[in-house]
Amino acid sequence: MSATTATKSTTTSFASALNTAMSDAMENDPSVVVFGEDVGTLGGVFRITDGLTKRFGENRCFDTPLAESGIAGTAVGMAINGMRPVIEMQFDAFAYPSLEQIFSHIAKMANRTRGNVRLPIVIRIPYGGGVGGVEHHCDSSEAYYAHTPGLKVFTPATVADAYLMLREAIDSEDPVVFFEPKKLYWSKEAEDLSELRAEYESGTSSRRIGAEANAQIVREGTDVSIISYGPSVSTALKAAEATAEDGISAEVLDLRSIVPFDDAALQATVEKTGRAVVVAEAQGFASVASEITARIQERCFHSLSSPVLRVTGFDIPYPAPKLEEHHLPDVDRILDTLDELQWED
Amino acid sequence: MSATTATKSTTTSFASALNTAMSDAMENDPSVVVFGEDVGTLGGVFRITDGLTKRFGENRCFDTPLAESGIAGTAVGMAINGMRPVIEMQFDAFAYPSLEQIFSHIAKMANRTRGNVRLPIVIRIPYGGGVGGVEHHCDSSEAYYAHTPGLKVFTPATVADAYLMLREAIDSEDPVVFFEPKKLYWSKEAEDLSELRAEYESGTSSRRIGAEANAQIVREGTDVSIISYGPSVSTALKAAEATAEDGISAEVLDLRSIVPFDDAALQATVEKTGRAVVVAEAQGFASVASEITARIQERCFHSLSSPVLRVTGFDIPYPAPKLEEHHLPDVDRILDTLDELQWED
Amino acid sequence: MTESTTPPPSPEIQAGSEDVTVPMGASTPEPGHQKAEQASRILEASRSFGITPEQYMLPAQQQIRMLDPEGNLISESEQGTGPGHEYPIPEDDVLLKAYEGLVAGRRINDQNYALVRQGRLAVYPSSHGQEACQVGAALGLGTQDWMFPTYRDTVSVITRGVDPLEVMVSFRGDWHCGYNPHDYKVSAMSTPLTTQLLHAVGVAHAAKLRGEDTVVLAMCGDGATSEGDFHEALNFAAVFEVPVVFFVQNNGYAISVPLSSQSAAPSLAHKAIGYGMAGEQVDGNDMVAVLATLRRAVHLARENSTPLLLEATTYRMQAHTNADDDTRYRDSEEVEQWKRKDPLKRMRTFLTNKGLLDEATEERISAKAEEIAASLRQAMTTEPKGDPLELFEHVYAEPTAQLHEQRDQLADELTRAEEGGHA
Amino acid sequence: MTESTTPPPSPEIQAGSEDVTVPMGASTPEPGHQKAEQASRILEASRSFGITPEQYMLPAQQQIRMLDPEGNLISESEQGTGPGHEYPIPEDDVLLKAYEGLVAGRRINDQNYALVRQGRLAVYPSSHGQEACQVGAALGLGTQDWMFPTYRDTVSVITRGVDPLEVMVSFRGDWHCGYNPHDYKVSAMSTPLTTQLLHAVGVAHAAKLRGEDTVVLAMCGDGATSEGDFHEALNFAAVFEVPVVFFVQNNGYAISVPLSSQSAAPSLAHKAIGYGMAGEQVDGNDMVAVLATLRRAVHLARENSTPLLLEATTYRMQAHTNADDDTRYRDSEEVEQWKRKDPLKRMRTFLTNKGLLDEATEERISAKAEEIAASLRQAMTTEPKGDPLELFEHVYAEPTAQLHEQRDQLADELTRAEEGGHA
Ligand SMILES: Cc1ncc(C[n+]2csc(CCOP(=O)(O)OP(=O)(O)O)c2C)c(N)n1
Ligand SMILES: Cc1ncc(C[n+]2csc(CCOP(=O)(O)OP(=O)(O)O)c2C)c(N)n1
Ligand SMILES: [Mg+2]
Ligand SMILES: [Mg+2]
């Protein structure tokens, strides 16, 4: 996706980047353990944990009974007792049984104990639609977590970030909810995992998120900023390409981390372009897209030539496979929205 | 709070307005049942269901085993089979175990079945802080529900609304999450329950929420709009009084219903005043306040003389009793924010 | 003081009869620790069988089974039945009807499997091998009763009478649920595991409050028993004494996870006593035993307004769904072993031996199954044009102002798309 | 093929000894339905006692009790013990230490109650009447073990050794948890019911993975057993074979809701068998029996790496918290009945009869209790000035950019407030 990667000879899939991030972390740190439903023998329904049990044994990657609150709740205990659990929720909507554990404990334990008990837990959640999934398998649930103080919320949009950000999530002393865009699992890019490993382990990667967050401009432009994250970044990029044909130069910002949030990058791009569109799959009401929109006008009000507009899923339950195309933000809907940005002003 | 009520001789508490709303609904419709933890014999830990078991019998108001998912989940079945359950969650954070039932079923059942199975369930949640409550007893969790399509979200700020809105919630064919500001439970206003009953049962109340929502201007003003709901409305009103002394005339809008949302009222007040501050107790990130802020600038961009600002809780877990005053939006913080509205422009 | 502060005097817990030595609970209840009336019902029931309440609530010492793997009727003494665990063999017409269901059920599974391979169905979780459970579940209920099925219970749902075309709507991806649950008293097939058990309890509770005669069959798999909602549902049902039969199809796996990683209990039926209800385990590939146990459970639930837990031991012969690769977690030898216990074959042998099945009957039954299969294929040829604007209709009883706006936006896009605009 | 596809051959499930007639489970496991190793441990244990696995896992036929309500030792044959349920009486020094704990515990409860009435504590959920359970929980554990208490378990936490001043921080409202859990291996007292049981299982699991000797005591009330997390915790513990003792203080009420509205089970201890673990019920107002059962449970957990469930029948003598009015849901007669079973009085009588308690010892013990009470009062006189800016320090290991901004805002407000501005 970035200019430098185009020259690489190896291609790497999003799934294998995630898988390698976990195995590298497990290799480096014996306290990293992976568990969840079907993550052991089967390697996960998306095969993201494939081979981990074979390589590291059943004490390091194992199946649990089928109970998500149990998975999250025992992860709390594991983390209290020195482990770094990486847990998988099989699908977005199946994390809901664990929300009490996540909201009331995982998010709050450090604060409750004045930092004496930190919970370095990674909660991996495959999310979003566009894969023809049936009900409960396509929710974009990031807002629930992003609204909950004490959680970090990451979502990679590229193969490189799948690796780098998952490594960082596992190394974080804070709990991280790690949203993996399902529709990207099978995507491939020209990336070399050993280079990514070297970049990460050097400790000097310019792509570290840290406490300040580190949004990346994935396409430069001058007329309008398209702000996005996760599965919508590629749609945003396509829309930017398309609108270039109409003579509009769109800059695309990939947030990568929702919490923490990169206000500096947001402000920089919007002040530069003077217009902004926020794109996200989730239903729009009280969403992360609402937050981004609110922040832009709070911080860049006098730079704005038109209101900040949102392109999001509708405020409806995620539709059945045959209708999902009408729900999801697509290139056309972004283009329509770009058209509304009062260019004549 | 409104001009007409000032003349009434009776005073009514918020708690008794809620209690009477339930008993009136139970009286009128045998399918209304009330259940939850400690709602029967004890009358609820806040005594909101006091006397209902005595009056209507144990088949109409009863205690359940201590399990919130069980409460919400059996409410689904009851509603499928012709009842109108009104369930109580004992405190905000104790509704979290029921979120899967609420997100995956209560919100979606009507859509799933193409409207064949509607779930007229009311989920009553005492929420918010300011009462010196310990951890888990003071969350403002409305954003989780407001973000979930298929749920309606109401929150009354006055004694009259406690009665009228709860009646409407119980009569709604849709599930309603009914947020009761804890700190208002003991508040009293000059209201007459029999008048409210007559107003509601006449079917012609001008305060019905319906499908369009029906936000109310609770204070007229010309210079700035303060948008709020639930426990923050009274704080907003106090700030409006205070700022009047500095010669700034603030209009205060009480949203009452968060979903559906009254865009017309929002637009009308902001277009009139040209400035807006949004006030809500919940942590601000990806919150209902974010949504309101985003909507204002989307719809009233060219009327705005300054950015829309938010006064919300900080993005931290709700603090312990001795520190909550520093977290909650108060009059001073609203006044500070009003000061920032670029009056010199 | 309302009633619940002074619970009814606790039942005499030392059983009266000589040969009964195990008391009701572990000890005499203390003041403020009295048990509900439920306990006295269990006590009465156990007393009438001359066994202890614990013996009544625990499953029989071996799983209930009437047919051996070859389909021969086994002797009564080896069926696992006994006092408090008595399961008379159903009448001939019921047995024949069940066989019809088995043949149709197998045909439905195979037809849908074929449709998936042809790419005409998006997904199908097959119950191939579990048809005895599927058919038993449907035949055990009266028309006034409710069924709460899962994604795997297509055969139950169709056997219960739901139009196959309507059932397929969800697997084809048109909409989430294709039938009107109220038309059939069959809930939407549930995906979030065990959540539906609580709905089942609520339906039964509502019926009980109105004094209606409604038994509810709540279905789930072995893996699903690990979820918290399973626990809450059984407990609510027992505390409120509502007639719900919890029917667990233990097919040995939750996707890839074997039962041994799911539970360390002697059997899943052993969970019942922890709620104060009776549990039983049945050979789920024995159509006769499944019918016998389910019918009795439904009968007891109806008569005594009491919940029961029935675990049927069976096997999923195919992968979890078409998206699954079961060779990753079980070997073909294990699958082969279960082929020998095929419920359809066993029932055919039994009925033939019994003289209930002649060629003409077989033909009639096959023809009927073919009809259903044809209707499934038919369902897949008609490609119904769903109206995207319908998305906004069913979120609330009346669309909100917000949804009106969004609907208008989509309508506009659709119009422009037809006109060739960029939406 | 990895290991989990081919589970170890299932144990021989028919017990060998003559007098054992009840098999392990309800039936012979089918291929693909094998039980985990856990089952074989239970089988071995039961065999060694000459009883069936069911008899081993079910609670004894009456609750374990060593002292009668007056505090007299009851005859061994009436203690409820038996093969597989044997509970030797602890040594004299342990008994005396427990009595010390009881006296201190009662003093803590009474002192805090007084502090609440004086308005110097915001809230206090008293365990008055439950002190035998409270003390037993703390004394049952080794220093390497962990305790997971609830809001009601202040006496356990202090008995375990946590500084009383640190404990009171949360009840005074300064901060959520006042002590560092790692310093004492005592988790923050949990408010969301039964959630902490899963944490306990995770701590034990981590220890097991590292081969450490750590037993975890997971505490909850009777009402809390209804939550889904209770089920998930017991099941995880049994499946992963981790040494967690689940200790339920059944005090008859969940706020206003009596046990009869919470469960229809013969006892809460009967839930154990549904997870494949042993359950026992004990007289929770009998300090000797509580100690005996808890010590053995901890011992078995440690030796066999196995979870157990222990239900202690006790009574909450005061209201749920100071905010509660218990006259609304129970009559004083019931409370009076329980006064007669006061754990402290019973233990005093027992020890005096046994010749272990003379006046000097009593005095020494009282003096120690007074010391703790004094330190509690002391904690309440110093009003620590909490730094509001600390609110932002503990949300993340390093405050995010957003929290820096918000911290600056509050800092600015505080400065202006000092200067007399309108913030
Ligand atoms: C709450 C929840 N978690 C996870 C899933 C994903 N999932 C679907 S089926 C399944 C296995 C279910 O196993 P079991 O209950 O034994 O039923 P079976 O599929 O064997 O019929 C899982 C984990 C789900 N549907 N719901
Ligand atoms: C998840 C959750 N739901 C509700 C509550 C509110 N609540 C606090 S204590 C309590 C009763 C608990 O009863 P029990 O488990 O018997 O413990 P006890 O208070 O009797 O010691 C309730 C309902 C809570 N703390 N957590
Ligand atoms: Mg299964
Ligand atoms: Mg209790």
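Hydrogens, waters and symmetry mates play no part in the numbers below; they use all other heavy atoms, side chains included. Here is how names work: the chains are called A, B, and so on, in the same order as the sequence lines, proteins then strands, and each is numbered from 1.
- For B:Phe94, the part sitting under 4.5 Å from any heavy atom of chain D is the side chain, from C-beta outward, and nothing else.
- Within the 4.5 angstrom heavy-atom criterion, atoms from both the backbone and the side chain of B:His326 approach chain D.
- D:Leu403 touches chain B through its side chain: at least one heavy atom from C-beta onward sits under 4.5 Å away, while N, CA, C and O do not.
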- [ ] Report the C-alpha distance between B:Phe56 and B:Thr53 in whole Å, list the side-chain angles of each, state the deciding distance to 0.1 Å, and finish with yes or no for side chain to side chain contact (heavy atoms under 4.5 Å, CB included).
- [x] CA-CA 5 Å; B:Phe56 297 99; B:Thr53 300; over 6 Å; no
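- Neither the backbone nor the side chain of B:Phe46 has a heavy atom closer than 4.5 Å to any heavy atom of chain D.
- For chain B, the nearby part of D:Gln409 is the side chain; its heavy atoms alone come within less than 4.5 Å.
- Between D:Glu311 and D:Lys271, no side-chain nitrogen of the basic residue sits less than 4.0 Å from a carboxylate oxygen of the acidic one, so the salt-bridge criterion is not met.
- Two rings, from B:Tyr318 and B:His327, have their centers less than 6.0 Å apart.
- A salt bridge between B:Asp336 and D:Arg416 is present, with a side-chain N of the basic residue lying under 4.0 Å from a carboxylate O of the acidic one.
- Remark: D:Arg328 engages B:Asp50 in a salt bridge, criterion side-chain N to carboxylate O under 4.0 Å.
- Counting heavy-atom pairs closer than 4.5 Å to chain D, the top-ranked of the candidates B:Arg47, B:Glu37, B:His137 is B:Arg47.
- The parts of B:Glu68 that come within reach of chain D are both its backbone and its side chain, each placing non-hydrogen atoms under 4.5 angstrom from that chain.
- Contact annotation for D:Ala254: both backbone and side-chain heavy atoms come within less than 4.5 Å of a heavy atom of chain B.
- Between D:Tyr275 and D:His231, a ring centre-to-centre spacing shorter than 6.0 Å is recorded.
- Contacts of B:Gln283 with chain D are absent, with no heavy-atom separation under 4.5 Å from either backbone or side chain.
- For D:Asp325, the parts lying under 4.5 angstrom from a heavy atom of chain B are both the backbone and the side chain.
- With 3.5 Å as the limit, one finds no donor-acceptor pair spanning the side chains of D:Gln318 and D:Asn109.
- Proximity to chain B (any heavy atom under 4.5 Å) is restricted, for D:Val123, to the side chain, taken from C-beta onward.
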